[in-house]
Amino acid sequence: MTGVAFSPTYRPFSKKMASNSPEYNFSEIESTWQKYWEDRKTFATSSKTDKEKYYVLSMFPYPSGTGLHIGHPLGYTGADILARYQRARGKNVLHPIGWDAFGLPTEQYAIKTGRHPRQTSIERIAHFRNQLRSVGFSYDYDREVDTTDPNYYRWTQFIFLQLFKRGLAYVDKRPVWWCEELKTVLANEEVIDGKSERGNHPVVRRSLRQWVLRITAYAERLLEDLKDIDWPESTKKMQQEWIGKSVGATARFALDGFDETIEIYTTRPDTLLGATYMVLSPEHPLVPKITSEDNRDAVSKYIESAAAKSDLERTDLAKEKTGVFTGSYALHPLTGDKIPVWIADYVLISYGTGAIMAVPAHDTRDFEFAEQFNLPIVQVIKGDGTESLPYIGDGTLINSDEYDDLSWQEAKKKITAKLKEAGTGEESTQYKLRDWLFSRQRYWGEPFPVAWVSREDYDKAVESGDLADWLPEEPVAYTDESGTLHALPVPPKSLPLELPNVESYEPAGTGESPLKKADDWMEIWYQFETGEFLPARQEKPEGEKWIRASRETNTMPQWAGSCWYYLRYMDPKNSTQLASKEALEYWKTPDMYIGGSEHAVLHLLYSRFWHKVLFDEGLVPTKEPFSHLFHQGMLLGEDGKKISKSAGNGIDPVEVVNQYGADTLRLYLMFLGPLEARKPWNSKGIGGVSRFLNKAWREIVGRDGNLSPKIRDDHQESEETEILLNQTIEKVSQDLDKLSFNTAISQLMILVNHLHASDAFRLTTAKKFVQLLAPMAPHISEELWSRLGESHSVAWGPWPDVDNSKLVSDDVKIVFQVNGKFRGQSLIPKSSTEEDVLALAKKEPRVIAQIEGKTIRKVVFVPGKILNIVAN
RNA sequence: GCCCAGGUGGCGGAAUUGGUAGACGCGCCUGACUCAAAAUCAGGUUUCUUCGGAAGUGGGGGUUCGAUUCCCCCCCUGGGUACCA
């Protein structure tokens, strides 16, 4: 303990802090201490220290127009408690906050009002910051990041260039939602039941030029490295399934009467002899070629109807299988049998090879299809004999010639080997993971740091050597009606490439972003060495390195800025690197990352991908960005339903702060239940924690505003108080370590209830209690701490130690049982033997009543816990 | 359908290397203070009960001296995912 100086009366805090009011006036106390933290930069962090680091990260918010949602302070309080706890334990804590401010709602607001979204963002951020401050989070506000700040997105663009040069970024036509009425591309969340969210207009799929990131190149590592990180199992599982690795075989079936072969992928090569027909997806390139004259009409009609359906509809119609015969036959690679080739939309072009061998006896979908169209079904795997078809389980082979009686695993190997020998197949691995569609036809996002140029100009730039470190092996090119263009990276030193001002934030009406209309930014004379540019309508500047270029109309998605923000916090003002080597080496990665499980797949997978690219580039020292992850659960409305505008069951955290105080809000959010659980808000329950804080206040502050007369230094602390205090220190410490805040608070309540019932207790006991309370209810704790005679912030600890000698009493409670049922208890010395306890038990009237007239068969004795007499 | 998490009083929840089920809080009940109310304080609160006890952690079975905890089957709720070959 540091507080040696002791005075039984209240002594003004040396830094002229709160009044000596006898009342717990939370609003005065909270604003006083928030100002104190701010003025003194209590929570500012530096990496220039020998102290052990602790980096706790909360998922940064999107500063929406509606302000703080009750879900924010839930997770943020958890993280803040951890930060304050570790700080008190002497760690050098980094606890930052920032703003994920690019995004659709701000853009839509800009369209509506004509205001620049940056302006809107800055205002909303200020509003959010004030609201967060009022809850008393111990952020280092000097480290704020804002994804829409050019000094930030400069480095987002820089990372994109890393991906670009490694061949991980390319351009392709990809389908998007298009609304003819609104003349705009819509995001998935703007499309509801096939209609636009705004105006309820019909939408269609339309292919547009898009940037795509080759995340699939990292599929295996993203899967493999999940083993090394401490995340909720369910989240790991979700990522695992999203990546969706499967190991099987590809096989090529010759086509009867054609030179081409159909390549298929199967996870069950052991069932190869059960393949009785084949199915191509309607989009498969071989379809037009192999469709016979007789079937052409039916096939083209089918393709048309399949194309008209969205993915959603296709899966909605899952119950009934549809398909048509192409009129062609394939030859079975092992038997040479002729088997019919069909097309059906239950086979997806985007997975595997877009074609399958159908084994109706052992695949549910193939079975349904075969039944529908009367195709042969041949069982080749035999289970225990009771199975019915389709049979998906394991077993031994039948109807498979030389492979009969083999186990399926054995057959898998042998048949794959046979295919390989014949040159008609081989072992193969597939992933469900697709490349990441990384562009939006929007204004409010990071511009792509590229210039689209002609082949000649591209070659010129290559030859100059100016961009030698930044070019992909294969140029990124795109061809349309107007010709072929090549993507030239802008020189990194010229970043940021800032968004131009535009007159209107309305989309261009062509499916392209509003940037399309910023002519002087879009169509330019471009200096490829320096990155300078001038409007193309001006005269071409002098110099070899000036070329004609167009900018990219697409911008990056909101994910881009949130993929790496945890790195920027380490060194947020660095103007020459995304973060200094020293900062990256010192802070490494967050020790704890807290956020909602809605990000279990996308954000966390994208971040891992970028981090690995940066690791490969030698820019970060670790393979994984988030070694420890925790999801706070969803807070439900008072009615037990999801909080929503339409249900009108929202809770305004600011209102709660005004009514009860920030400490009460924090404490109550944590006391509701386990942080990870989903649980309903209860406006009556908040009175309980409010009462607790008032009770704690009254135990320390007397009615006259001085220290409570119960706090006496000449008091001999009772053994009971000593034990309970030490148990509380131990319990609270352990609970904070495992983020079990609800039980930590209940333990503090038990201690306060005990102090309340005691006649007197020592000053050190009061101080230790305040220290334990401080991470959860920091404002009242600072106030009490100062009133207890301390002259520096309680935030700096030290955290109280457990005195193990005072953790347990010499007497322990032992429970008597008869046949496993409770029949009384007694306080006995720890050293008592089984004989002593049994003798004692036999004197217990309730025990006597139960064993009377029975024979004792056995006695089970667990020292310090129970004595169980088995009798009948 | 499949995968994951969960199911304990009127409510939120506590207790799992198997050892008194219901900590702590809400709500409710009784009492004190008050003209009264609020606040505060003292006490009670799983159900049934013949007041001895008995039953009880979604349901059924099992292992055990003893099961909320371990095993098997089933039901329900929430989340994820969806024709991935």
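This is a predicted model, so every value here is computed, not measured.
- Here B/C3 is the nucleotide among B/G12, B/C3, B/C83 with the atom lying nearest to any side-chain atom of A/Lys237.
- The pairing partner recorded for B/U40 is B/A32, the criterion being a Watson-Crick or G-U wobble arrangement whose two distances lie under 3.5 angstrom.
- Using a 4.0 Å heavy-atom criterion, one finds that A/Lys642 contacts the sugar-phosphate atoms exclusively.
- Neither side chain, A/Ser428 nor A/Tyr265, offers a donor N or O lying under 3.5 Å from an acceptor on the other.
- Each of B/C83, B/G13, B/A14 was ranked by its minimum atom distance to the side chain of A/Thr743; first place goes to B/A14.
- A/Glu23 and A/Ser21 form no side-chain donor-acceptor contact under 3.5 Å, judged by distance and modelled atom types alone.
- Here A/Pro674 lies in heavy-atom contact (under 4.0 Å) with sugar-phosphate atoms only.
- Residue contacts shown for A/Glu241 are limited to sugar-phosphate atoms, with no base heavy atom under 4.0 Å away.
- Comparing B/G27, B/C3, B/G12 by their closest approach to the side chain of A/Phe671 singles out B/G12.
- In B/G52 the base sits syn relative to the sugar, since the glycosidic angle is no further than 90° from 0.
- Nearest to the side-chain atoms of A/Asn682 among the listed nucleotides B/A85, B/C26, B/A55 stands B/C26.
- Counting any heavy atom pair closer than 4.0 Å across all strands shown, A/Arg823 reaches sugar-phosphate atoms only and no base atom.
- In this structure, A/Ser234 reaches the sugar-phosphate backbone alone: every heavy-atom distance under 4.0 Å involves primed, P, OP1 or OP2 atoms, never a base.
- Considering only side-chain atoms of A/Asn742, the nucleotide from B/A23, B/C83, B/A14 that sits closest is B/A14.
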At under 4.0 Å between heavy atoms, which parts of nucleotides 39-51 of chain B does protein reach? Answer with one letter per nucleotide, 5' to 3': B base, S sugar-phosphate only, - none.
-> -SSS---------
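- Side-chain polar atoms of A/Thr728 and A/Gln747 form a donor-acceptor pair below 3.5 angstrom.
- Put simply, the side chain of A/His603 does not reach to within 4.5 Å of the side chain of A/Glu598, judged on heavy atoms.
- In this structure, of B/C83, B/C24, B/U81, it is B/C83 that holds the atom nearest to the side chain of A/Leu348.
- Distances shorter than 4.0 Å separate none of the side-chain N or O atoms of A/Tyr265 from OP1 or OP2 on B/A85.
- Side-chain N or O atoms of A/Trp231 include one that pairs as donor or acceptor with a backbone N or O of A/Phe626 at under 3.5 Å.
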Quick tally for nucleotides 62-76 of chain B: nucleotides whose base has a protein heavy atom under 4.0 Å get B, sugar-phosphate-only ones S, the rest -, giving ---BS----------
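- Of the candidates B/G25, B/A23, B/G53, B/A23 carries the atom nearest the A/Ser746 side chain, counting heavy atoms from C-beta on.
- Among B/A85, B/G53, B/C26, the nucleotide with an atom closest to any side-chain atom of A/Lys684 is B/C26.
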